[in-house]
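We name chains A, B, ... by the order of the sequence lines, and we start the count at 1 in each one.
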There are 2 protein chains.
Amino acid sequence: MLNQADHADNEGTGRRAGLDHADVIEGALALVEEGGPEALTMRKLAAELGVTTTTIYWHAGGRDDIVTAVIKLMSQRLAHTPVEGILAPDRVMSAARHVWESALAHPEVTSLAHQHRSTSLLELDLEIVLARELAAAGLRGDSARDALRAILISVGGFLVLGLRDESAIDDEHTSHALWAGIDDPGIDPSTVESLTHPVDLHALFETTVRAVVDHYVPGRESRP
Amino acid sequence: MLNQADHADNEGTGRRAGLDHADVIEGALALVEEGGPEALTMRKLAAELGVTTTTIYWHAGGRDDIVTAVIKLMSQRLAHTPVEGILAPDRVMSAARHVWESALAHPEVTSLAHQHRSTSLLELDLEIVLARELAAAGLRGDSARDALRAILISVGGFLVLGLRDESAIDDEHTSHALWAGIDDPGIDPSTVESLTHPVDLHALFETTVRAVVDHYVPGRESRP
DNA sequence: ACCTGAACACCGTTCAAGT
DNA sequence: ACCTGAACACCGTTCAAGT
């Protein structure tokens, strides 16, 4: 969906296609947001930009470099929503929720980052916000690190399922689909019945991540 | 590493390569365990088995079918280690640890399942063990389901990082590598210093998952 | 400095043909 | 019933060549 008009100001220079590093990365981001990580191929990107794949290599390197640049670009664009709450655990929880929500707002790019093992590159700014709240809660050194990592890992677990649900319309291998075939004498029928239905991820996120936050963050401090 | 001797008992029948559905899946599993998910290609598998790719399709279908079958095979092979502990939360924790440890024992297959969005297919038997312990702890219906999902999601979050570390010798995008470049006035220098070092995942697993377990599982019940 | 065309070494999958 | 060979439509990447 990038067209010549988007970089018309580059025409008339020594360049023939008027292509920029930024143009390549923005085109790549557009491809990912439209068709997911697997839609980002060198040939499709080249076609989108109206050039040959070789031109892409000249401007922005190989696919790996482009993926990294796309993640960095999205990282900058992630909304810096202010943290809410008075008590320290509430504010930490709010920062954790930002990570969760901004990832769900851009599921395709988050999936891309996940596949590329660069989730923390995408989330770094939000991790810093979370770290500040932990510092304000009185956590220092190793205990701050452990709290940060534990919270981010928990959020990450929810993200795996949250992103899964996006594309799982026909999925036969979801946990709740599999439980439909289970009949175990050690488990109550009402429990099995519950397990055949998908869970309310958002509600479960709140209580579970809150439990982790409460375990690591002292509760009585407040913040001006 | 499969050779003709492995299925010599099939020779002399109407078959020419003496190939079986089970042979294909075991060959696929071997490829994955040796070279990771990306080593499982139809051509490599065919070469390993000494046939053409088309033969693979005849016996076991396309790559998707093979991946599913590999995961099911590994699911059956996962050790049924007995749950330990007397108090309910200890036993639930033990069952959760089984999920974590059996996944780490087979990182490549777990990665494959993860990519295929079939983690719960791989872990189903261990999920059932966990569900039994939750039932024994007195949890029924929705509260049993929520506890199970919350615990599995937490374990899943740790798995993402645990599997990451396996292949992260040169990784520039790990969280602790990124924090080395951060200088934020709102965060204590000792905290930043801590964050530049990798975390002890096993220790963090114990305390974090335990916090989740304790939040969902009543603590006073015991089991004969 | 910027861009193209052709090529290489891979993929998954299908189809007609052989025994 | 079981297996092959050739082909199709894709990949990422490189290299010599053009302007």
Side-chain angles (χ1 to χ4, degrees), chain A residues 2-4 6-25 27-28 31-32 34-71 112 115-118, chain B residues 2-4 6-25 27-28 31-32 34-70 111-112 115-118:
Chain A
L2 271 183
N3 54 43
Q4 198 63 22
D6 287 330
H7 37 72
D9 47 352
N10 284 335
E11 285 182 278
T13 69
R15 297 164 183 160
R16 267 158 285 176
L19 212 62
D20 207 337
H21 180 270
D23 293 327
V24 175
I25 306 309
L31 274 179
V32 172
E34 279 167 40
E38 74 277 10
L40 176 53
T41 76
M42 301 304 276
R43 287 168 218 266
K44 281 180 188 163
L45 182 53
E48 183 99 346
L49 298 168
V51 292
T52 323
T53 53
T54 334
T55 306
I56 310 274
Y57 281 85
W58 200 92
H59 282 291
R63 189 178 189 272
D64 229 55
D65 306 290
I66 293 173
V67 169
T68 302
V70 165
I71 294 167
L112 180 73
Q115 285 178 17
H116 201 245
R117 300 166 192 272
S118 307
Chain B
L2 269 183
N3 55 43
Q4 198 61 23
D6 287 331
H7 37 73
D9 46 354
N10 283 335
E11 284 183 278
T13 69
R15 296 163 183 163
R16 267 158 287 176
L19 213 62
D20 206 338
H21 180 269
D23 293 328
V24 175
I25 306 308
L31 273 180
V32 172
E34 279 168 40
E38 74 278 9
L40 176 54
T41 75
M42 302 303 276
R43 287 168 218 264
K44 280 179 188 163
L45 181 53
E48 183 100 345
L49 297 167
V51 292
T52 324
T53 53
T54 334
T55 308
I56 310 274
Y57 280 85
W58 199 90
H59 282 292
R63 189 176 190 272
D64 228 55
D65 307 288
I66 293 173
V67 169
T68 302
V70 164
S111 294
L112 181 72
Q115 283 178 18
H116 201 243
R117 299 167 192 272
S118 307

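- A sub-4.0 Å separation between OP1 or OP2 of D:dC3 and a side-chain N or O of B:His59 is present.
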Notebook entry, point to check: How does protein reach along nucleotides 11-17 of chain C, written 5' to 3' as B (base within reach of a heavy atom under 4.0 Å), S (only sugar-phosphate), or - (no contact)?
Noted result: BBBBB--
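- Considering only heavy atoms from C-beta on, A:Thr55 stays 4.5 Å or farther from A:Leu49 through its side chain.
- By the side-chain contact (heavy atoms from CB on, under 4.5 Å) test, B:Thr41 pairs with B:Arg43, B:Lys44, sequence neighbours left out.
- Residues B:Leu45 and B:Arg63 fail the side-chain proximity criterion, which asks for heavy atoms closer than 4.5 Å.
- When all heavy atoms are compared, the tightest approach of B:Gln115 to B:Pro37 is OE1-CB, 3.7 Å.
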Check: So what does the secondary structure string of DNA chain D come out as, 5' to 3', with Watson-Crick or wobble pairs under 3.5 angstrom, [ ] for crossing and | for pairs with another strand?
Finding: ||.|||||...|||||.||
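- Considering every non-hydrogen atom in both A:Ala69 and A:Ile25, the closest pair reads CB-CD1, 3.5 Å.
- Contact record, A:Val70 with A:Ala28: CG2-CB, 3.6 Å, taken as the closest heavy-atom pair.
- When the side-chain nitrogen and oxygen atoms of B:Thr55 are compared with OP1 and OP2 of D:dC3, none of them lie within a distance under 4.0 Å.
- Not counting sequence neighbours, the partners of A:Thr68 by the side-chain contact (heavy atoms from CB on, under 4.5 Å) test are A:Lys72, A:His116, A:Leu121, B:His173.
- When rounded to the nearest whole Å, the span between CG of A:Asp23 and C1' of C:dC3 equals 15 Å.
- The side-chain contact (heavy atoms from CB on, under 4.5 Å) check on A:Ala39 picks up nothing, with sequence neighbours excluded.
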